[in-house]
Each structure stands twice: as C-alpha cells, then as structure tokens.
Novice: 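The structure is given below, and queries will be raised subsequently.
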Amino acid sequence: MTDRQAPIRVWSKLDLAFTAETDFDNAYADALVWVDLEGPGFSKRVYGFWDGGRSFIVRVLAAAPGEWRWTSGSTPHDAGLSGKSGRFTAEAWSADELDANPNRRGMIGATPDGRGLQYADGTPYFLLGDTWWSLPSFRFPLGQGNGLPDQLGPHSTLNDYVALRKAQGFNCIGLIAAQPAWANDGHPNSLQMEDGTWVRAAWKQPGTQSAKDMHNEGGRPFQFPGKVPGFEDVFPDMDRINPDYYSELDRKIDFLNDQGMVPFIEISRRDAGQCWKKFHDWPESYARYVHYMVARYGANITLFSPIHYDYFEQTIPAKDYNAPINLAIGRYGKPPFGTLLTANPNPSTLVNFGPDSWVDLHQSGNVREHYTYWYLTEMFQAERKPAINGEPYYAGLHQLGQPYALRVSPDSEDDRIYVRSGLYGSFLSGGLAGFIYGAEGIWQSDVEPESLYKMWDSFGWESANQVQHLRTFATVLGQRYLELVPDAELLVPNKTGPGFAYKGWSYCARTEDRSWFMLYFEADAPLEASLRGVSVGARYRPRFFDPRTGAWGEPGDIVTVARSSVLGLPQRPDSQDWGMMLERV
C-alpha cells in the first residue's frame with residue numbers, strides 16, 4: 001500500500017500512524033516498528049513507539065526540501081506494521097517564517113570548531129536555559145494561546161511562563177520527563193529497603209512528609225504494580241509504560257517548539273537507578289526506555305539526556321549508566337535527525353561518563369561555587385565539544401544543602417551577584433555554548449500553600465532578567481567568542497576570596513594570538529589588577545561591561561604593555577562585579 005501525505009515544512013514533525021493486527025501482551029517491550037526513510041542527502045532507519053492499544057507511531061521529519069519516501073517494518077512481523085510505504089514532499093520556510101521561530105532552522109548541533117552551538121542551517125544558537133524539571137507534571141498546566149506573563153499567580157499556565165522567559169531572551173527549558181516513583185502517597189519522600197537499596201530520594205512536598213506528586217492528566221509515567229518486593233505500590237514496573245502520560249508531555253514539548261524554545265529532555269532522575277537495576281533486566285530495560293524516548297521525541301527540536309545525574313549518592317555509579325546508553329546507541333544508532341546527547345551531571349559529564357563517551361554537549365553542574373567552574377576548563381582542554389554550566393547556583397537558594405552557608409535573601413543584590421558569578425565565570429572558564437539558570441520555587445515547582453517560595457513569585461526575580469546579558473557580553477564581536485581559550489592565570493590577582501563563594505575571584509579568556517581578551521571581575525575583587533602573558537609594547541583598548549544592565553561602556557584610553565611584559569588594567573568603576581574586553585590596536 002502506498003500512502004502519499006500532504007506537503008509538510010522542513011524540520012516539522014510528521015507522525016506516521018500504524019495499527020497492529022496483533023494484540024501484544026506488552027507492546028512496549030514485545031514489538032518494534034520502524035520506517036526506512038529516504039530523502040535529499042538522507043537515508044536512515046527511524047524507529048517508532050507504541051502509543052497504547054494497537055497503535056504505533058513513527059515520527060519523522062524532513063531535513064531538507066524535496067521528495068521523501070518511506071517503507072515500514074516490524075519485529076515480530078505484523079501485517080499492520082510491516083510492508084507499508086508512503087511519500088511526502090517537504091517545502092522550505094520563508095525568511096519571515098524563519099525569523100518568527102528559529103526552531104524552523106533545524107536541530108541544534110555543534111559549530112564546526114566544536115566549541116559552540118548552531119541550528120542545522122548554520123545560524124548561531126547561544127543557549128540560555130531555565131530549569132523547569134517538573135514541566136511534564138500538572139504543576140505546569142498547558143493553557144491556551146501564547147500566554148500572559150504580566151500578572152503571574154496561582155492561575156498561571158505553562159503558556160504564561162514561556163511568554164515571560166521568551167521575552168527575557170531564554171531559548172531552552174530543562175525538564176525531567178519522568179519521576180517514576182514520586183507521589184504524595186503517605187510514604188516518606190526518601191525511602192530505602194532494609195538492605196539500603198534506594199526506592200526513591202524525592203523532593204518533599206511542602207506541608208507533608210511525603211514525596212511530591214508528579215502525575216499529569218494522563219496519570220503516572222509507568223504502570224503499577226511494580227516489581228520491588230514490599231514497594232509494589234511505590235516503585236512501578238519499569239517494563240510497562242503508560243503512553244497516556246507521555247501523550248500529555250507531547251503537547252507541552254510541541255508547544256515549546258512552537259514558541260521557539262528548545263526542550264532539554266532528561267528521561268529519568270538518578271534516584272530510580274538502584275531499584276531499576278536490581279529488579280529489572282539491566283541494561284536491557286533501561287536501554288528500551290532510552291530507545292522509546294528517542295523514538296518519541298527525536299523528531300522534535302530538542303536536546304536529549306539519557307539520565308539526570310545530579311548526585312552520585314542514592315543511585316548506581318554514573319558509568320553504570322553507560323552500559324544501557326551504549327547498548328541503545330549500538331543497537332539503534334544515535335538519534336536519527338541529529339539530536340545532541342547531553343546530561344545534567346555532578347560534577348561534570350567528563351568526570352561522570354568519561355572521555356570519548358556518548359556525550360555530544362558537555363555540562364558541569366550541581367557543584368555551584370566558583371571554585372567548581374574549573375570543571376568547564378578541564379572539559380575544554382580534554383575534548384573539542386561544546387560545553388555549558390547546566391546547574392549552577394540557584395537564585396534564592398534555600399533547600400539544597402542543610403544548612404547552606406552562603407544562603408542570602410532571594411532577589412537581593414547578593415543573590416543576583418551569585419547568579420552573575422555563575423554566568424560570567426562559567427562562560428570564561430570554557431562554557432562557551434551557554435548557560436542554564438535556576439531559581440528556588442521554580443526548579444522544584446512549588447505550588448502548595450506551605451511552599452517557602454511560590455513558583456509564580458520566583459519567576460519575577462530580577463536575576464532571570466539579567467541572564468540575557470551574557471549573550472550581549474559574549475557576542476560583542478559576533479561569533480568570535482568561539483575563539484576564546486580560558487586562561488584565568490593570566491589575570492593577577494584572580495583568587496582573593498574563598499573558594500566556596502561567589503565573590504573576590506576574577507576570570508580571563510583570550511584568543512590564541514592574544515589580540516582579544518575577555519575578563520570578568522566578581523564583586524569585591526581587587527580594583528587593581530594586571531594582565532601577564534602579553535607582548536611588550538602591545539597596545540590595547542579597554543571597554544567595561546555592566547552585567548546588571550547589559551550595557552557596554554564607551555571604549556577607554558589605550559593602554560600599553562610595560563617592559564615587564566605586564567599590562568596594568570584600568571580600575572573598574574566600583575567594587576561591584578564588572579566585565580571587560582581588551583582589543584589590541
């Protein structure tokens with residue numbers, strides 16, 4: 001049978017629907033469906049997924065204009081799934097349509113130099129994200145229209161929050177697709193078996209001693225009863241998925257894409273790891289879920305993470321996740337349309353998963369103070385892959401680390417200083433691909449009356465509005481920031497405050513020929529500083545940058561490197577934090 005679809009647009013998702021003739025006992029685990037897809041410059045097998053009942057879907061897209069064709073297959077062979085074929089035509093977007101939504105430019109990939117990110121058509125993509133880990137749940141309800149960001153409150157929807165962040169220059173949203181064992185079920189939020197095996201290490205729901213509810217309109221992500229003895233009602237059967245839950249997530253992912261946002265999808269949080277491995281067929285069971293999520297979201301414009309590895313306790317070792325991830329990649333290949341693989345780590349994807357791993361986009365994260373920005377420098381030196389700080393200091397940080405010595409009032413100037421330290425310190429330490437912001441109340445999606453900070457209030461904190469200024473700082477000379485090499489030791493002094501802090505340190509990155517330097521001075525760093533490693537007699541023009549407003553000052557007077565080969569830098573305007581650039585003239 002031949003089925004010709006109506007024309008679609010390039011980089012737009014197309015669902016090819018199939019109905020099996022077989023009633024599978026567990027179609028998620030027992031059946032595999034695919035299409036062999038061919039088009040201009042493309043010939044790959046694209047796998048599909050079970051979507052409930054006898055329904056299967058293979059999601060495809062066209063990476064280029066022209067004629068595309070497909071032929072289906074399945075294992076086991078099923079007359080409703082195998083032997084089908086079809087064609088469709090893909091048409092290009094107009095220039096105005098591309099400007100209206102940058103996601104129409106294609107999947108996010110690495111720049112040719114391996115240091116930054118770009119859309120498939122080569123348009124630069126500087127990642128500025130926010131952490132909405134609970135987005136799949138009822139806590140971010142999907143409403144109608146493009147959202148109203150001006151009066152946030154208990155009535156606010158996902159649409160409203162997206163409208164606000166979009167206006168502030170954000171282009172990425174981090175989320176955890178499933179928290180399998182999390183529910184406000186009367187059991188403690190942190191739960192172990194008698195032998196110490198972790199059943200869950202969930203966030204506590206305010207006003208209770210139990211875990212946060214994380215269901216959505218489709219229910220919970222996996223089915224019950226589970227296989228963990230004594231906890232069948234807490235930890236689900238990870239070999240039986242609930243497609244209705246993911247159908248609701250589909251709608252949210254599609255909405256983000258329609259608004260020009262790139263979802264950073266983490267498929268599961270690490271606290272499910274011990275029971276998953278101990279009571280299921282590991283690595284097969286986890287590899288199946290990795291494959292399912294790639295099949296379900298690989299035709300959306302996303303970043304994809306096979307594990308949210310925010311903490312190394314209460315789970316299996318990070319490298320144990322490599323086995324199912326590599327199994328899925330080896331069996332089915334990397335995402336067919338070029339989705340980058342990454343992960344939220346602790347302290348970095350290089351440390352956790354090793355060099356030359358499946359990771360395409362490196363991250364540091366969950367080690368928040370300025371001495372940890374070094375992990376970005378380590379990754380920069382180890383591999384030519386783009387990198388970001390994916391989970392730095394949270395604005396209004398309160399619930400992490402009890403007590404947290406650096407806690408300050410939310411939305412205070414110190415709070416903003418801490419955020420800006422992460423922004424600029426991470427970038428100049430090697431995180432040239434961008435940055436992911438986070439705030440108390442939002443990352444854990446607090447909506448309960450007993451919450452310390454309601455999420456709709458946290459969305460109004462000024463630190464988020466200042467995130468966009470990092471792009472202004474980085475792109476002052478266009479894409480030349482991708483030539484920067486982190487080199488903080490050229491700046492003297494550069495560490496006058498304690499390591500476990502966000503004040504007193506300074507950062508430096510420079511081009512190979514040292515014709516351009518980018519600097520950042522944290523608050524309370526010495527006003528007098530110098531730069532070494534420059535040529536005697538070289539002349540530079542300084543220019544200050546205000547990270548509070550995103551404004552570049554007027555170029556200052558030219559400064560000349562002394563015979564000592566040390567350049568005395570002009571004092572910054574005050575003891576607050578400032579950026580600076582030096583251009584050789």
Side-chain angles (χ1 to χ4, degrees), residues 131-141 154 175-238 240-242 244-246 248-249 266-280 308-311 313-316 344 366 394 396-404 438-458:
T131 43
W132 305 0
W133 298 134
S134 305
L135 180 144
S137 75
F138 71 95
R139 298 168 181 276
F140 282 88
L175 61 101
I176 302 175
Q179 312 275 27
W182 290 24
N184 198 247
D185 52 15
H187 297 286
N189 64 300
S190 292
L191 196 57
Q192 292 175 270
M193 302 181 72
E194 289 187 1
D195 65 0
T197 301
W198 281 92
V199 178
R200 71 181 179 203
W203 310 327
K204 186 181 295 183
Q205 183 156 308
T208 78
Q209 297 301 311
S210 190
K212 280 209 168 199
D213 275 320
M214 287 295 174
H215 62 273
N216 64 23
E217 294 85 344
R220 295 178 65 180
F222 295 86
Q223 296 184 18
F224 289 87
K227 299 178 179 179
V228 180
F231 297 91
E232 292 88 350
D233 63 335
V234 177
F235 199 94
D237 184 345
M238 306 307 291
R240 290 187 177 271
I241 210 154
N242 173 18
D244 292 340
Y245 172 92
Y246 294 93
E248 292 299 321
L249 179 56
E266 302 222 272
I267 68 172
S268 180
R269 189 171 177 268
R270 45 82 190 169
D271 67 300
Q274 289 190 358
C275 279
W276 202 327
K277 183 178 181 182
K278 187 171 183 177
F279 297 102
H280 300 77
H308 179 87
Y309 196 80
D310 62 318
Y311 190 40
E313 301 291 346
Q314 306 163 336
T315 188
I316 61 177
N344 179 278
N366 298 287
Y394 280 129
L397 184 62
H398 179 80
Q399 296 189 29
L400 294 175
Q402 299 290 339
Y404 187 72
E440 284 287 326
I442 300 175
W443 66 266
Q444 71 274 50
S445 62
D446 277 345
V447 299
E448 293 79 13
E450 300 86 355
S451 301
L452 183 63
Y453 308 122
K454 311 294 194 301
M455 62 186 295
W456 45 83
D457 294 327
S458 302

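Both backbone and side-chain heavy atoms feed into the values below; hydrogens, waters and symmetry mates do not.
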Novice: Which value, rounded to the nearest 0.5 Å, describes the distance between Asp185 atom CG and Leu191 atom CG?
Specialist: 8.0 Å
Novice: Quick one: CD on Glu217 to CZ on Phe138, what's the gap to the nearest 0.5 Å?
Specialist: 9.5 Å
Novice: So, do Cys275 and Phe231 sit near enough that their side-chain heavy atoms are less than 4.5 Å apart?
Specialist: no
Novice: Do Gln274 and Val199 have side chains that approach each other closer than 4.5 Å (heavy atoms only, starting at C-beta)?
Specialist: no
Novice: Identify the heavy atoms of Ser451 and Asp446 that sit nearest to each other, and give their distance.
Specialist: OG-CB, 3.3 Å
Novice: When you look at Val228 and Val234, which way does the side-chain contact (heavy atoms from CB on, under 4.5 Å) test go after all the steps?
Specialist: CA-CA 9 Å; Val228 180; Val234 177; over 6 Å; no
Novice: With a 4.5 Å limit on heavy-atom distance, are the side chains of Trp198 and Asp271 in contact?
Specialist: no
Novice: Determine whether Tyr246 and Pro221 make a side-chain contact, defined as any pair of heavy atoms from C-beta on separated by less than 4.5 Å.
Specialist: yes
Novice: Is the shortest side-chain heavy-atom distance between Asn189 and Gln205 below 4.5 Å?
Specialist: no
Novice: Minimum heavy-atom separation for Glu313 to Arg270, with atom names?
Specialist: O-NH1, 3.8 Å
Novice: Once you round to the nearest 0.5 Å, how far does CD of Gln444 lie from NE2 of His398?
Specialist: 10.0 Å
Novice: Short question: side chain of Arg139, backbone of Ser445 - any donor-acceptor pair under 3.5 Å?
Specialist: yes
Novice: Tell me the closest heavy-atom pair linking Pro136 and Ile176, and the distance in Å.
Specialist: CG-O, 3.2 Å
Novice: Kindly say whether Tyr453 contributes a backbone atom to a donor-acceptor pair with the side chain of Glu440 at under 3.5 angstrom?
Specialist: no
Novice: Atom CH2 in Trp276, atom CZ in Phe235: separation rounded to 0.5 Å?
Specialist: 7.0 Å
Novice: Tell me, do Asp195 and Lys278 make a side-chain contact under 4.5 Å, heavy atoms counted?
Specialist: yes
Novice: Hey, can you tell me if Phe140 and Trp132 have their rings parallel, tilted or perpendicular (30° and 60° cut-offs)?
Specialist: parallel
Novice: Mind listing the closest non-hydrogen atom pair of Met214 and Tyr245 along with its distance?
Specialist: O-CE1, 3.9 Å
Novice: Quick one: does Ser210's side chain have a donor or acceptor within less than 3.5 Å of a partner on His187's backbone?
Specialist: yes
Novice: Find out whether Trp133 and Trp203 are in side-chain contact, i.e. whether some heavy atom of one side chain is under 4.5 Å from a heavy atom of the other.
Specialist: yes
Novice: Do the side chain of Arg220 and the main chain of Pro180 share a donor and acceptor less than 3.5 angstrom apart?
Specialist: yes
Novice: Hydrogens and angles aside, do Ser137 and Asp213 bring a side-chain donor and acceptor to less than 3.5 Å of each other?
Specialist: no
Novice: When you measure from the side chain of Arg200 to the backbone N and O of Pro188, does any donor-acceptor pair fall under 3.5 Å?
Specialist: yes
Novice: Grab the two heavy atoms, one from Pro206 and one from Glu450, that are nearest each other, plus how far apart they are.
Specialist: O-OE1, 3.5 Å
Novice: Which heavy atom of Ile241 sits nearest to which heavy atom of Gln223, and what is that distance?
Specialist: O-NE2, 2.9 Å
Novice: Look up atom CD in Glu232 and atom CZ in Phe279, then write down how far apart they are to the nearest 0.5 Å.
Specialist: 9.5 Å
Novice: Could you tell me whether the side chain of Trp182 reaches within less than 4.5 Å of the side chain of Arg269, counting heavy atoms only?
Specialist: yes
Novice: Report the distance from atom CD1 of Ile442 to atom CG of Asp457, rounding to the nearest 0.5 Å.
Specialist: 10.0 Å
Novice: Relative to the ring of Tyr394, is the ring of Trp443 parallel (under 30°), tilted (30 to 60°) or perpendicular (over 60°)?
Specialist: parallel
